[in-house]
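What follows is one structure encoded as structure tokens, with my remarks underneath.
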Amino acid sequence: MRIGYGYDAHRFVHHRPLVIGGIVIPYSYGLLGHSDADVLTHAMMDALLGALALGSIGDHFPDTDPAYKDASSTDLLVEVMGLVHKKGYGVGNIDSVLVAEMPKFFSYIVAIRENLACVMQIDIDRVSVKATTTEKMGFEGRQEGISAHAVVLLERK
């Protein structure tokens, strides 16, 4: 078995959709980034890559490469899952936390889990997504952006 941890953070910007786990969340702000800035999917990809000691998403999908401008992070997740399978592993489970004061994610969690499970081609009961606030502390608490944490357990196939 292999364990990986991922973290990502992006700041809010105007005039951009908010994409979390491949789902567009209705909100007045989106996240700034070279790709779609899907902070949750980025944290999950870093956890998967970390579990295999394959670096980070920045190594595989650099923000200096125009090919990844506005790229769908779930499309990139498909590529990362290809690396996982190529190395002979599958996802045992993945656990994640979104950290944001706003928006509230409760009503979107099931759709996010379903979408990520579909993208990773695993059962939904292997994908956990939770959300929390920081009680108005830090950049998330000041509503400047969102961060996400993820941990994954990979099992040899």
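Just so you know, these numbers use all the heavy atoms, side chains as well, and skip hydrogens, waters and symmetry mates.
Using modelled atom types, no side-chain atom of Ser96 and backbone atom of Leu40 make a donor-acceptor pair closer than 3.5 Å. A donor-acceptor pair is defined here as one N or O able to donate and one able to accept, closer than 3.5 Å; such a pair exists between the side chain of Arg126 and the backbone of Gly92. The backbone N or O of Val127 sits less than 3.5 Å from a side-chain atom of Arg113, completing a donor-acceptor pair. At distances below 3.5 Å, not a single donor-acceptor pair connects side-chain atoms of Asp123 with backbone N or O atoms of Asp125. Side-chain atoms of Asp46 do not come within 3.5 Å of backbone N or O of Ser56 as any donor-acceptor pair. Remark: side-chain polar atoms of Lys104 are paired, donor with acceptor, to backbone N or O of Glu101 under 3.5 angstrom.
Between Met45 and Ile57, the shortest heavy-atom distance links the atoms CB-CG2, 3.3 Å. When all heavy atoms of Ala148 and Leu98 are compared, the pair lying nearest together is CB-CD2, 4.2 Å. Minimum heavy-atom separation, Leu54 to His60: O-NE2, 2.7 Å. When all heavy atoms of Ala150 and Ala47 are compared, the pair lying nearest together is O-CB, 3.7 Å. In terms of heavy-atom proximity, Pro62 sits nearest to Tyr68 at O-CD1, 3.7 Å. His10 and His42 make their closest contact through NE2-ND1, 3.3 Å (heavy atoms, listed as atom of the first residue, atom of the second, distance).
Counting heavy atoms from C-beta outward, Thr132 and Phe105 have side chains that stay 4.5 Å or more apart. Using a 4.5 Å heavy-atom threshold, the side chains of Glu144 and Arg11 count as separate. Between Leu153 and Ile94, every side-chain heavy-atom pair lies at or beyond the 4.5 Å cut-off. In this structure, Leu49 and Leu83 have side chains that are in contact, with non-hydrogen atoms separated by less than 4.5 Å. Contact check for Val119 versus Val78: side-chain heavy atoms found under the 4.5 Å cut-off. Between Ile25 and Val19 there is no side-chain heavy-atom pair separated by less than 4.5 Å. Using a 4.5 Å heavy-atom cutoff, the side chains of Met1 and Tyr89 are not in contact. Inter-residue side-chain proximity for Leu116 and Ile124 is flagged as unmet; no heavy-atom pair is nearer than 4.5 Å.
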Let's go through Val151 and Ile3 carefully: what are the C-alpha distance in whole Å and the side-chain angles of both, what is the deciding distance for side chain to side chain contact (heavy atoms under 4.5 Å, CB included) to 0.1 Å, and is it a yes or a no?
CA-CA 7 Å; Val151 62; Ile3 297 171; 3.9 Å; yes
Could you walk me through whether Ser147 and Tyr7 pass side chain to side chain contact (heavy atoms under 4.5 Å, CB included), step by step?
CA-CA 7 Å; Ser147 68; Tyr7 170 81; 3.6 Å; yes
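Contact check on Arg16 versus Asp70 returns a salt bridge, with a Lys/Arg side-chain nitrogen under 4.0 Å from an Asp/Glu carboxylate oxygen. Using a 4.0 Å cut-off between charged nitrogen and carboxylate oxygen, Asp95 and Lys130 count as a salt-bridge pair.
The distance from atom CD1 of Ile20 to atom CG of Leu31, rounded to the nearest 0.5 Å, is 5.5 Å. Here the OG1 atom belonging to Thr133 is positioned 11.0 Å from the CE atom belonging to Met102, to the nearest 0.5 angstrom. Rounding to the nearest 0.5 Å gives a distance of 15.0 Å between NZ of Lys86 and CE of Met81. Atom CD in Glu114 sits 12.0 Å away from atom CD1 in Ile109 (nearest 0.5 Å).
Dense packing is recorded around NZ of Lys157, with more than 12 heavy atoms of other residues, nucleotides or ligands lying under 6.0 Å away. Crowding of Lys69 atom NZ: a count of heavy atoms from other residues, nucleotides or ligands under 6.0 Å exceeding 12. Within a 6.0 Å sphere centred on CD of Glu79, other residues, nucleotides and ligands contribute more than 12 heavy atoms.
Taking the six-membered ring for Trp and thresholds of 30 and 60 degrees, Tyr29 and Phe12 have ring planes inclined between 30 and 60 degrees apart. The aromatic rings of Tyr5 and His149 sit tilted relative to each other, their planes meeting at an angle between 30° and 60°.
In this structure, Met44 is a member of the same hydrophobic cluster as Leu76, with clusters built from ILVMFWY side-chain heavy atoms closer than 4.5 Å.
Applying the side chain to side chain donor-acceptor pair (under 3.5 Å) test between Ser73 and each of Asp8, Thr41, Asp36, Asp38 identifies Asp36 as the sole match.
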